[in-house]
Protein chains: 2
Amino acid sequence: MTNNTPVTLKFLADKLKMSVSTVSKALNNYPTINAYTRQRVQEMARDFHFTPNKSAINLKEKRSRIIGVILPNLLDHFFTRSIYGIEQFATQNGYNVIISQSHDELEKEIQSANMLLRSRVDGLIVAISKHTQDFTHLNQFENIGIPVVYYTRNPSFNLNCHKVLCNTFQGCYQATKLLIDRGHQKIAYLGGPKMINFTHDRFNGYINALKDNEVPFSSELVAYTDFDKENTITAIKNLFVYPENKPTALVAFKEPILFDAIKYLRSTKHFKTNEVECIGFGNTSFISYLDSPPIASIEENPESVGENAISLLIQLINKEIDIHNYQKVMVDCKLIVHGLNAGSV
Amino acid sequence: MTNNTPVTLKFLADKLKMSVSTVSKALNNYPTINAYTRQRVQEMARDFHFTPNKSAINLKEKRSRIIGVILPNLLDHFFTRSIYGIEQFATQNGYNVIISQSHDELEKEIQSANMLLRSRVDGLIVAISKHTQDFTHLNQFENIGIPVVYYTRNPSFNLNCHKVLCNTFQGCYQATKLLIDRGHQKIAYLGGPKMINFTHDRFNGYINALKDNEVPFSSELVAYTDFDKENTITAIKNLFVYPENKPTALVAFKEPILFDAIKYLRSTKHFKTNEVECIGFGNTSFISYLDSPPIASIEENPESVGENAISLLIQLINKEIDIHNYQKVMVDCKLIVHGLNAGSV
DNA sequence: TTGTACGCGTTATCAT
DNA sequence: ATGATAACGCGTACAA
């Protein structure tokens with residue numbers, strides 16, 4: 001049956017003919033409360049399914065025990081995996097998590113930020129949209145003392161902030177190095193959207209691996225795309241347009257994009273002779289189902305990135321780290337080499 | 001610079017030498033407020049980045065404008081796509097969404113439910129965990145007048161509840177029918193976890209399509225698995241163990257499972273002659289990268305399921321539908337036929 | 001050991 | 001047109 005009168009402390013107090021404060025203290029196991037009274041109160045609370053009203057508590061305690069998370073997209077496994085790390089650690093520390101998607105749109109990101117600000121989250125973790133260059137909507141938080149940790153997407157234009165990032169430099173370096181070690185000299189690089197926070201570090205990893213191993217760099221071997229399939233194909237076409245400079249290997253900034261690239265290359269027979277060895281960022285479980293899989297994946301350890309972000313955030317909330325003592329945490333990638341049975345080149 | 005005193009109505013009122021209620025009314029565009037006063041207040045509010053405290057408003061208004069969503073897993077694209085539908089519609093109607101994962105564990109589901117109850121969400125949308133048979137943690141909501149809509153996972157043991165479900169019966173029927181129309185007589189059925197809310201309807205769709213088209217049913221052609229790869233392979237082995245009764249087609253309850261099945265079948269040469277045509281639930285974008293793809297996919301329209309769930313929920317919140325007038329909404333599946341170029345069998 | 005009184009930030013009712 | 005006051009549900013300092 002639906003009971004209309006809400007079960008509040010006052011409601012219980014009336015039932016028990018006690019004061020509200022006694023009920024409150026009994027439920028919170030205050031030592032000064034008589035054991036018998038406490039028991040009676042707790043039984044009554046259970047019987048009536050008393051549930052403390054979080055809004056009232058937030059108002060009183062001036063904190064919500066809620067962590068806000070803004071990220072571009074839940075369809076990207078990187079982010080859903082990172083949430084796993086965030087949730088684990090948050091729950092362990094008595095925090096709940098509100099997730100909000102920006103769909104990589106600045107306007108949605110601003111809305112999400114304002115919503116979370118009104119909700120007075122105790123801290124914010126954010127992977128900025130690809131269009132975010134102005135940070136006023138996010139700076140609001142720090143202005144009123146709510147710590148913000150930027151993760152995954154590097155807010156290059158925002159110097160004074162806490163960051164937790166994948167070490168994509170190192171990941172891309174290792175991938176390129178592996179290809180070099182396997183004898184490749186013409187290694188193409190397929191980068192992401194030309195925003196500095198996407199491709200800069202990866203590209204540097206690529207370049208440095210080439211340099212350190214004395215493999216000549218050619219700008220003809222570099223192309224950029226976004227998450228759109230058509231653009232990927234155009235980019236790939238450009239990479240393979242010079243017969244005398246045809247790549248024998250490829251590093252791509254994200255696996256779904258790489259799959260489009262591979263599919264296209266196969267349609268043009270490049271793979272029929274295993275001509276191109278590929279590596280991308282991601283390590284999708286899906287790879288095991290492919291007939292021409294990448295030879296390796298750059299695992300970005302999203303769970304660990306999430307965990308580092310929330311761990312830092314909670315230290316900031318607890319003032320174990322001063323909010324203006326800006327931290328930068330890098331989480332290493334791990335190169336996962338898949339079955340190299342083909343032994344191609 | 002970090003400003004320590006929180007910007008509240010009182011703070012603004014003091015600055016402006018006005019009363020709190022005037023400030024409140026000015027910010028909410030009360031018609032009785034003088035235009036000039038209103039302007040002064042709003043400017044001051046903007047200058048100090050006043051942000052209303054949602055906890056205080058919730059407490060006052062006895063509602064949170066938050067919808068809670070409990071679902072098993074964000075790694076499953078069905079659910080992340082359904083969230084898209086939920087978010088869209090929720091935002092349009094002035095609601096925010098809190099998502100909580102149960103990881104298909106009852107204990108986590110109970111924790112999530114309690115958290116959302118404390119947060120006094122205005123409504124709950126839930127896809128129950130595969131272990132949920134007792135509903136007390138969810139019934140709590142209706143007991144205090146908060147409507148609950150069950151979606152995707154059918155709570156068979158809970159008769160009096162609002163449901164929004166995929167019409168998997170129809171989806172599975174159509175898939176089976178397509179295979180029959182393509183000449184198959186030995187169509188295997190690979191079902192999901194043997195919980196009634198997973199496979200019952202699908203299996204009935206399969207059976208009914210066979211019956212309606214006078215294709216004989218054989219229990220040797222039915223096997224069950226869960227989301228574990230080993231179990232899937234065992235199940236598939238059992239289906240193909242009788243040489244005289246070997247399936248030429250397969251309907252599977254979920255695509256990732258189907259991919260494992262296909263991979264195994266290919267390893268045993270069953271696909272070398274295109275012996276088995278497959279269909280699964282899901283319609284993953286990934287299919288386009290497979291060399292031996294399913295011939296069709298049963299698209300469950302998760303966005304539409306999500307939209308129907310929240311649309312119903314908001315009607316319940318607004319009391320346009322009585323909370324005890326239990327609704328059941330079925331969302332049809334759509335059979336997506338992929339390139340049938342192979343023309344096998 | 002228990003009760004009284006106040007305040008958290010906001011809105012709404014009733015005076016002025 | 002504006003202000004004073006009460007109320008939402010809870011926790012706590014202080015009084016009894």
Side-chain angles (χ1 to χ4, degrees), chain A residues 3-42 44-45 48-66 117-122 144-146, chain B residues 3-42 44-45 48-66 117-122 144-146:
Chain A
N3 195 338
N4 267 332
T5 51
V7 180
T8 65
L9 291 186
K10 184 168 178 340
F11 174 90
L12 295 178
D14 289 350
K15 287 268 170 210
L16 291 157
K17 296 189 199 307
M18 303 193 301
S19 78
V20 178
S21 64
T22 307
V23 175
S24 169
K25 287 170 188 164
L27 289 174
N28 291 302
N29 293 312
Y30 265 54
T32 67
I33 296 294
N34 179 301
Y36 176 60
T37 325
R38 189 179 61 220
Q39 191 194 323
R40 279 181 60 214
V41 171
Q42 297 194 344
M44 185 70 75
F48 282 90
H49 302 105
F50 170 75
T51 310
N53 185 317
K54 209 151 176 298
S55 291
I57 296 175
N58 291 349
L59 192 57
K60 183 100 244 283
E61 308 212 321
K62 293 163 168 292
R63 67 166 178 183
S64 60
R65 291 206 158 277
I66 293 177
L117 194 61
R118 280 194 298 276
S119 296
R120 295 290 191 277
V121 294
D122 291 346
I144 61 172
I146 300 174
Chain B
N3 195 337
N4 267 332
T5 51
V7 180
T8 64
L9 291 185
K10 184 170 181 335
F11 175 90
L12 294 178
D14 289 350
K15 287 268 169 208
L16 291 157
K17 296 191 199 308
M18 300 195 301
S19 80
V20 178
S21 57
T22 307
V23 175
S24 169
K25 286 170 189 164
L27 289 174
N28 290 301
N29 292 311
Y30 264 55
T32 66
I33 296 293
N34 180 301
Y36 175 62
T37 334
R38 188 178 61 220
Q39 191 194 322
R40 278 181 60 214
V41 171
Q42 295 193 346
M44 184 70 72
F48 282 90
H49 302 105
F50 169 75
T51 310
N53 185 316
K54 209 150 174 300
S55 291
I57 296 175
N58 292 349
L59 191 57
K60 187 101 240 290
E61 307 212 323
K62 292 162 168 293
R63 68 165 179 187
S64 59
R65 291 207 157 275
I66 294 176
L117 195 61
R118 280 194 297 275
S119 296
R120 294 292 191 275
V121 292
D122 291 346
I144 62 172
I146 300 174

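Letters A, B, ... mirror the listed sequences (proteins, then strands); counts begin at 1.
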Q) Between B/P52 and A/T32, which has a closest nucleotide on DNA chain C that is more 5'? A) A/T32
Q: Can you check whether any acceptor in the base of D/dG3 is under 3.5 Å from a donor in the side chain of B/K25, or vice versa?
A: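 Such a pair exists between side chain and base.
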Q | No-H, no-angle donor-acceptor pair, B/S21 side chain to D/dG3 base, under 3.5 Å | A | yes
Whether [X] contacts [N] is assessed here as follows: a side-chain N or O lying under 4.0 Å from the phosphate OP1 or OP2. Is that the case?
X     : N      : answer
A/T22 : C/dT2  : no
B/N28 : C/dT11 : yes
B/S55 : C/dG9  : no

Between [atom2] of [N] and [atom1] of [X], the distance in whole Å:
X      : N      : atom1 : atom2 : result
A/K60  : D/dG9  : NZ    : C1'   : 11 Å
A/N29  : C/dT1  : CG    : P     : 14 Å
A/K62  : D/dG9  : NZ    : P     : 20 Å
A/L59  : D/dG9  : CG    : C1'   : 9 Å
A/F11  : D/dG9  : CZ    : C1'   : 14 Å
B/K10  : C/dT11 : NZ    : C1'   : 17 Å
A/R118 : C/dT10 : CZ    : P     : 12 Å
B/N53  : C/dG7  : CG    : P     : 18 Å

[X] side, atom [atom1]; [Y] side, atom [atom2] - distance, nearest 0.5 Å:
X     : Y      : atom1 : atom2 : value
A/Q39 : A/I33  : CD    : CD1   : 14.0 Å
B/N58 : A/S119 : CG    : OG    : 7.5 Å
A/L27 : A/L12  : CG    : CG    : 7.0 Å
A/R40 : A/K15  : CZ    : NZ    : 13.0 Å

(Q) Over all strands shown, is B/L9 touching base, sugar-phosphate only, or nothing at heavy-atom distances under 4.0 angstrom? (A) base
Q) What nucleic acid atoms does A/Y36 come within less than 4.0 Å of, heavy atoms only: base, sugar-phosphate, or nothing? A)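 Counting heavy atoms under 4.0 Å across all strands, no contact is made by A/Y36.
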Q. For DNA chain D, whose closest nucleotide is more 5', that of A/Y30 or that of A/A56?
A.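 Its nucleotide being nearer the 5' end, the pick is A/A56.
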Q) Which sits closer to the 5' end of DNA chain D, B/V23 or A/S24, going by the nucleotide each is nearest to? A) B/V23
Q) Just wondering, do B/I144 and B/L117 contact through their side chains at under 4.5 Å, heavy atoms? A) yes
